[in-house]
Amino acid sequence: MYAIFDNGGKQYKACIGDLVKLEKLSGKVGDSVEFPIVLLSDEKGVQVANEVAGLKVKAEIVSEGKDKKIIVFKYKPKKNERKKQGHRQPFTTVKVTAIGAATEEKPAAKKPAAKKPAAEKAAAPKAAATKAAAEKKAAPAAEAKKPAAKKPAAKKAE
């Protein structure tokens, strides 16, 4: 069983117990975090969209740190213009503790439809009858028309 979840504009694949390296998260080591599931694969098959709407990936923050340094070197020829910078991207490592845990929101009970006044009820069948009559009149007119004849394709000049 695995899940694909969103964080920081990127998608990550995770199984229960995996350590995943994410963009820097606000939180301390030991805090619990949740991420929305995009895709879930288990013994039932692959589920996406509405099938995984309320499901979450629960994880615990394990550590925080910085990646390896990258060198940013800007150079303009013939101008004696050189700029050297370094950058270390911060990250957070999380351990996945649960996938699709019971955090689903229960759907709200449907409210019964409001009753229409008697005047609207009487008008509704009349409107339906006039609509049906108009459609019957339009149907023979549509059948009487013949489809346009197709023109032969133009020959290519050689």
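None of these values were measured; they are calculated from a predicted model.
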TODO: Please name the pair of heavy atoms, one in Val96 and one in Ala14, separated by the smallest distance, quoted to 0.1 Å.
DONE: CG2-CB, 3.6 Å
Open item on the list: Can you pull out every salt bridge (Lys or Arg N to Asp or Glu O under 4.0 Å) where at least one residue sits in residues 80-99? Sequence neighbours excluded, please.
Closed with: Lys76-Glu81
Side-chain donor/acceptor pairs under 3.5 Å, residues 41-52, sequence neighbours excluded:
unit_1	atom_1	unit_2	atom_2	d
Asp42	OD1	Lys44	N	3.2
Glu51	OE1	Val48	N	3.1

- [ ] Taking all non-hydrogen atoms of both residues into account, name the closest pair between Ala3 and Leu40 and its distance.
- [x] CB-CD1, 4.0 Å
TODO: Calculate, to the nearest 0.5 Å, the distance between atoms CZ and CG belonging to Phe5 and Leu22 respectively.
DONE: 5.0 Å
Open item on the list: Would you say Ile16 ends up clustered with Val94 if hydrophobic residues are merged whenever their side chains have heavy atoms under 4.5 Å apart, either directly or through other cluster members?
Closed with: yes
- [ ] Please name the pair of heavy atoms, one in Cys15 and one in Met1, separated by the smallest distance, quoted to 0.1 Å.
- [x] SG-O, 3.6 Å
Task: Gap separating the CG atom of Asp31 from the OG1 atom of Thr92, nearest 0.5 angstrom - done: 10.5 Å
TODO: Report yes or no: do Leu55 and Val33 belong to one cluster of Ile/Leu/Val/Met/Phe/Trp/Tyr joined by side chain heavy-atom distances under 4.5 Å?
DONE: yes
Open item on the list: Is there a side-chain contact (heavy atoms from CB on, under 4.5 Å) between Leu25 and Asn7? Walk through the geometry before answering.
Closed with: CA-CA 9 Å; Leu25 297 174; Asn7 181 38; 3.7 Å; yes
Task: N/O donor-acceptor pair under 3.5 Å between Ser32 side chain and Glu60 backbone - done: no
- [ ] Hey, could you give me each pair passing salt bridge (Lys or Arg N to Asp or Glu O under 4.0 Å) that has a residue in residues 14-28? Not counting sequence neighbours.
- [x] Lys10-Glu23, Lys21-Asp67, Lys24-Glu64
TODO: Please report the shortest heavy-atom distance between Tyr12 and Val20, naming the atom on each side.
DONE: CD2-CG1, 4.0 Å
- [ ] Just do the side-chain hydrogen bond (donor to acceptor under 3.5 Å, both in side chains) check on Gln89 and His87 with the steps written out, would you?
- [x] CA-CA 6 Å; Gln89 183 70 29; His87 175 75; 3.0 Å; yes
- [ ] Spell out, yes or no, whether Val57 and Ile4 are grouped together once hydrophobic residues are joined by side-chain heavy atoms under 4.5 Å, including indirect joins.
- [x] no
Task: Residue pair Tyr2 / Ile99, side-chain heavy-atom distance below 4.5 Å - done: no
